[in-house]
Each structure stands twice: as C-alpha cells, then as structure tokens.
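Notes to accompany the following structure.
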Amino acid sequence: MKVFFITTNINKYKEAKQVLEEYNIKLMLLKYPLMEIQSKSLVESIIWKGAQGFKILDEYYIVEDAGLFIKPLKGFPGVYSSYIYKTIGINGILKLMDNISNREAYFEAVGFLSLKNNIFKLFVERVHGIISNEIRGDRGFGFDPIFIPRGSNKTYAEMDLSEKNRFSHRGKLFRKIGEYIKNNILHGKSI
Ligand code: IMP
C-alpha cells in the first residue's frame, strides 16, 4: 500500500519511511510547504495544517508535527520549537539551561492520517528524556544533539536512523500509524 507524507523535512521522511516499511507500507514523499498556524496546541495546529492536504491530493496521506517541551522551562520551547531552533538554536537552549540541574524534557509528536471523505485520524505520542549538558553527535537534525531519550545514554544525534527510530517520538508515532493502517485499512475493516 502507498501512503504520502507531506513534509519539507527529508530527515523526517527517512525516519518515517523506515518505520512504515515494517508494515509493508510504501511511504511517498510529497514535498509541499503546508501553511501553519501559531497555536498553543500541537493538536490544534496539525488539524489545521493536515486538512489542507484534502485539497491537494486524493490519496492516503500523513502530516506530522513535533515539539520539544523542557520541564524546568515550563514546557518551553514546546509549540514554538521551530522558531526557537531557527533563532537561539541548540546553543541558546543550553545557555537557558545553565545551572539548572533538573534536565527533564519530552518530545511530543502528533500525526494526521487522512482517510476517505475528508475524515482523518489523529495520533499523539511522547518520549521522555533529558537535555544533555553539551552538544553530542552529528547525525539527525534539529534538537537531536541535546536530547537523550529515557533508556539510552546517547543523544538522538549519536544514534543511527534505526536506533533513533527505536527510541524516538517519531518512531513511536509511526509504529502507531502503521498498526492502525495494517488493522483498519490494509485488512479491509471499515474505518
Ligand atoms: P516541526 O515538527 O518541523 O514543526 O518541528 C519543530 C522543531 O522541532 C523544528 O525545529 C525541528 O527541527 C524540531 N524537531 C522536530 N522533530 C525533531 C526530532 O526528531 N529531533 C530533533 N528536533 C526535532
């Protein structure tokens, strides 16, 4: 089965593609810059962003968004993750965390899967971890060099694609989507 992933982030596409291959789902990249709203909730913004796809293609497709929520910073950068990454970046985050011993943080990923007739299903997954004391690793993208997921002592940027997928919020999210497609679409149950 073929499903489109509408994103401009090739790294996200590679991660998601690898996960969905395990479910015999061929993920196709549709590089299209969907408009985004600034909202206090990732779920609200993904609904707005995902619904634009109905006007673009008449196929199953996925849209995904993620954010890094740092507990001692009261959830910052959270829904502002993209803007903060582009402005103060990972060095800025480490600076904000100077002398803060509680390094707890989590990544949240939300996914929008289009079904038929303008119907969609939402998925939300979180992975808890900590912010490292320094930049470590040169793989991946975004905040990967400063996030250590629970259960590992490596940052995402020190992991290869399959290891990151085993631990990551996106890995978890796309396994959930893969299971859903397998059980509800591939095997012909009504949705
Ligand atoms: P978005 O989902 O592309 O809006 O991501 C928001 C911000 O979080 C961007 O700056 C991304 O680079 C960053 N981000 C999203 N997913 C990941 C990830 O898996 N690792 C590291 N940073 C991420």
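Counting convention: from 1, in listed order, for ligands and their atoms alike. Keep in mind that what you see is a predicted model, and the values were worked out from it rather than measured.
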The test is side chain to side chain contact (heavy atoms under 4.5 Å, CB included); show your working for Y32 and I6 and say whether it passes.
CA-CA 6 Å; Y32 185 91; I6 313 180; 3.8 Å; yes
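- Applying the side chain to side chain donor-acceptor pair (under 3.5 Å) test between Y156 and each of E163, H169, R136 identifies H169 as the sole match.
- Within the structure, ligand 1 lacks L68 among the residues with a heavy atom less than 4.0 angstrom away.
- Of all atoms in ligand 1, listed by their number and element, those nearer than 4.0 Å to a heavy atom of S81 are 6 (C), 7 (C), 8 (O), 10 (O).
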Any chance you could lay out the side chain to side chain contact (heavy atoms under 4.5 Å, CB included) test for N91 and I135, step after step, and finish with the verdict?
CA-CA 8 Å; N91 281 306; I135 289 173; 3.4 Å; yes
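- Counting heavy atoms only, F141 comes closest to atom 17 (C) of ligand 1 of the residues F143, Y80, Y85, F141.
- Below 4.0 Å from some heavy atom of H169 lie the following atoms of ligand 1, by number and element: 16 (N), 17 (C), 18 (C), 19 (O).
- Here Y180 and F123 bring their ring centres to under 6.0 angstrom of each other.
- Closest heavy-atom approach to atom 5 (O) of ligand 1 among the candidates A109, A66, S82: A66.
- Just one residue in the list K164, K12, R139 forms a salt bridge (charged side-chain N to carboxylate O under 4.0 Å, His left out) with D144, and that residue is K164.
- At least one side-chain heavy atom of P77 sits less than 4.5 Å from a side-chain heavy atom of I93.
- Side chains of E15 and N165: a donor-acceptor N/O pair is absent below 3.5 angstrom, by distance only.
- Which parts of ligand 1 touch F107 is read off a 4.0 Å heavy-atom cut-off, strictly below it: atoms 17 (C), 20 (N), 21 (C), 22 (N), 23 (C).
- The nearest protein atom to atom 4 (O) of ligand 1, hydrogens excluded, is given as D65 OD1, 3.2 Å; this is a heavy-atom distance.
- The number of heavy atoms from other shown groups lying within 6.0 Å of NZ (K71) is above 12.
- The protein heavy atom nearest to atom 2 (O) of ligand 1 is K12 NZ, 2.6 Å.
- Not a single heavy atom of K86 sits closer than 4.0 Å to an atom of ligand 1.
- What sits closest to atom 12 (O) of ligand 1 on the protein, heavy atoms only, is G142 CA, 3.5 Å.
- Residue K164 has at least one heavy-atom neighbour below 4.0 Å for each of these atoms of ligand 1: 18 (C), 19 (O), 20 (N).
- Among protein heavy atoms, atom 20 (N) of ligand 1 sits closest to D144 OD1, 2.5 Å.
- With ring centers used as reference points, H128 lies 6.0 Å or more from F69.
- Distance from atom 16 (N) of ligand 1 to its nearest protein heavy atom, with residue and atom name: R170 NH2, 2.8 Å.
- For N9, the closest heavy-atom approach to ligand 1 does not fall below 4.0 Å.
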